[in-house]
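Just so it is clear, the values below take in all heavy atoms, side chains as well, and ignore hydrogens, waters and symmetry mates. Letters go in sequence order (proteins before strands), and every chain restarts at 1.
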Number of protein chains: 2
Amino acid sequence: MSWSKDPRGYHHGNLKEALLRAALDLIAQKGPAGFTFAEAARAAGVSPAAPYRHFRDREELMANVARRGFEAFAQALTRAWDDGRPEPFSAFERVGRAYLTFARSEPAFYSAMFESGVPMEADPELRVAGDAAFAVLRAAAERLIATLPAAGRPPALMMALHVWAMAHGIASLFCRGDAARRSLPMPPEDLMEAAILVYLRGLGIDPVRPSSP
Amino acid sequence: MSWSKDPRGYHHGNLKEALLRAALDLIAQKGPAGFTFAEAARAAGVSPAAPYRHFRDREELMANVARRGFEAFAQALTRAWDDGRPEPFSAFERVGRAYLTFARSEPAFYSAMFESGVPMEADPELRVAGDAAFAVLRAAAERLIATLPAAGRPPALMMALHVWAMAHGIASLFCRGDAARRSLPMPPEDLMEAAILVYLRGLGIDPVRPSSP
DNA sequence: AGCTCATGTTAATGGGGTTTACATGACTTG
DNA sequence: CAAGTCATGTAAACCCCATTAACATGAGCT
């Protein structure tokens with residue numbers, strides 16, 4: 001669905017897209033630090049100065065990759081959450097797994113989003129995209145907490161932050177593609193599922209609460 | 001407390017140490033990616049090629065910094081754990097706080113240890129140091145789990161991994177010094193303490209279990 | 001047809017990573 | 001003490017990268 005030589009293209013046609021894709025490939029191969037502006041240009045078949053017509057500098061390109069990453073991430077989490085079907089508990093576990101699946105299947109996006117050092121303030125759209133992704137997690141937490149008796153409900157924001165931190169921690173430590181990954185005596189997804197299980201039990205949220213048995 | 005001209009030094013005297021300190025400063029200031037071999041050499045008052053007499057390349061220097069970081073980290077955690085005094089529960093919470101305190105007060109070490117992309121296999125001593133740090137966490141988890149009735153004790157390794165991931169996640173997301181830090185409506189330490197509280201309750205470990213009231 | 005502007009290219013500057021050949025001086029050894 | 005040796009630095013060179021400035025080109029409008 002993507003051509004590097006578009007007949008409609010005169011000079012290049014869609015260098016911006018080509019650069020973003022090249023960056024994604026390079027980040028996936030050599031990490032966010034190993035990615036170079038010049039090499040992305042080379043991959044797109046243009047001179048080293050050409051990218052500057054589309055991105056102020058290397059960091060702006062990285063911020064763009066991160067923004068798209070957050071958008072795809074939010075989509076993936078939303079799809080996993082599936083509006084809490086069939087019931088919030090198992091749906092929430094699905095979200096946890098989806099988090100790790102994304103980190104593993106889109107390492108370039110994940111690196112750009114969380115490990116590239118790009119400040120969220122770099123681009124308002126980046127912040128919006130990042131907030132939208134977190135909002136999915138937060139909404140899910142709210143739904144899950146709503147299943148508890150009204151008295152003594154923990155704050156949903158806190159729960160969302162805890163789950164985010166746990167997922168990010170597991171992803172960072174155990175889901176990396178490169179050699180920096182720590183070894184683990186089990187699949188990261190299992191570790192994540194167990195963590196969520198224990199954590200939710202700590203909040204008083206139990207796995208099986210069928211309202212209509 | 002540190003001179004660049006040591007009288008005992010002829011050529012330099014202790015370039016290796018000077019480079020390690022310079023690297024630590026530079027990483028603290030500009031992140032693990034911003035640190036350059038040449039600048040460390042400049043800070044030590046030496047030619048750009050001199051560091052190669054002491055480190056194979058930039059990565060080996062980084063691995064050395066990471067190793068020292070793990071050693072200091074293990075010390076900090078051990079001190080916080082204090083052999084479980086006065087009782088394992090509060091001591092464990094202290095370890096959680098100490099984790100974040102280290103990440104915040106030694107950002108250069110923490111970056112080198114977890115965000116520099118240095119593979120643990122780069123140096124056997126690095127792996128040993130890293131394992132030793134994790135061992136503190138694991139030993140603490142074992143002690144805490146031992147307070148539970150023998151039937152249905154959760155695996156201590158899993159618990160240690162969960163706490164590690166949670167602490168690392170919070171540290172990575174919310175304790176960074178640079179602009180990439182996410183904003184948080186509360187101190188990270190409080191978030192961490194709440195997480196441990198909830199998690200331990202999920203495991204059936206309660207705060208107050210005085211065996212001798 | 002000709003103008004204009006977005007888009008690329010070339011060339012130049014300034015830095016960093018790394019290697020190779022050379023220099024220096026501290027320590028050892030006869 | 002004189003000479004050799006080895007660790008430690010230096011200088012120079014090479015290649016790559018980021019970024020900018022001056023120049024070129026061609027698409028689309030008038």
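Rounding to whole angstrom units, CG of residue A:Leu26 and P of D:dC17 are separated by 10 Å. Distance, A:Glu39 CD to D:dA18 C1': 14 Å, rounded to whole Å. Remark: P of C:dG16 and CD of B:Glu59 are 20 Å apart, rounded to the nearest angstrom. When rounded to the nearest whole Å, the span between CG of A:Leu61 and P of D:dC17 equals 15 Å. Spacing between atom CZ of B:Arg42 and atom P of D:dG9 amounts to 18 Å, rounded to whole angstrom units. Protein atom CG of B:Leu19 is 12 Å distant from nucleotide atom P of D:dT8, rounded to whole Å.
When the options A:Glu87, A:Glu93, A:Arg94 are evaluated for a side-chain hydrogen bond (donor to acceptor under 3.5 Å, both in side chains) with A:Ser90, the one that passes is A:Glu87.
Taking the six-membered ring for Trp and the full ring otherwise, the centers of B:Phe109 and B:Phe70 sit at least 6.0 Å from each other.
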(Q) Walk me through whether B:Arg176 and B:Glu115 qualify under salt bridge (charged side-chain N to carboxylate O under 4.0 Å, His left out). (A) CA-CA 11 Å; B:Arg176 307 185 52 94; B:Glu115 300 161 4; 3.0 Å; yes
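Under the 6.0 Å distance and 45° angle rule, B:Lys16 counts as a cation-pi partner of B:Phe55.
Listed by residue number, B:Val46, B:Ser47, B:Ala49, B:Ala50, B:Arg53, B:His54 are the residues of residues 45-58 of chain B with a heavy-atom contact under 4.0 Å to DNA chain D.
Taking the side chain as every heavy atom from C-beta outward, A:Ile196 and A:Phe89 never approach each other to under 4.5 Å.
Relative orientation of the B:Phe73 and B:Tyr110 rings is perpendicular, given thresholds of 30° and 60° on the angle between their planes.
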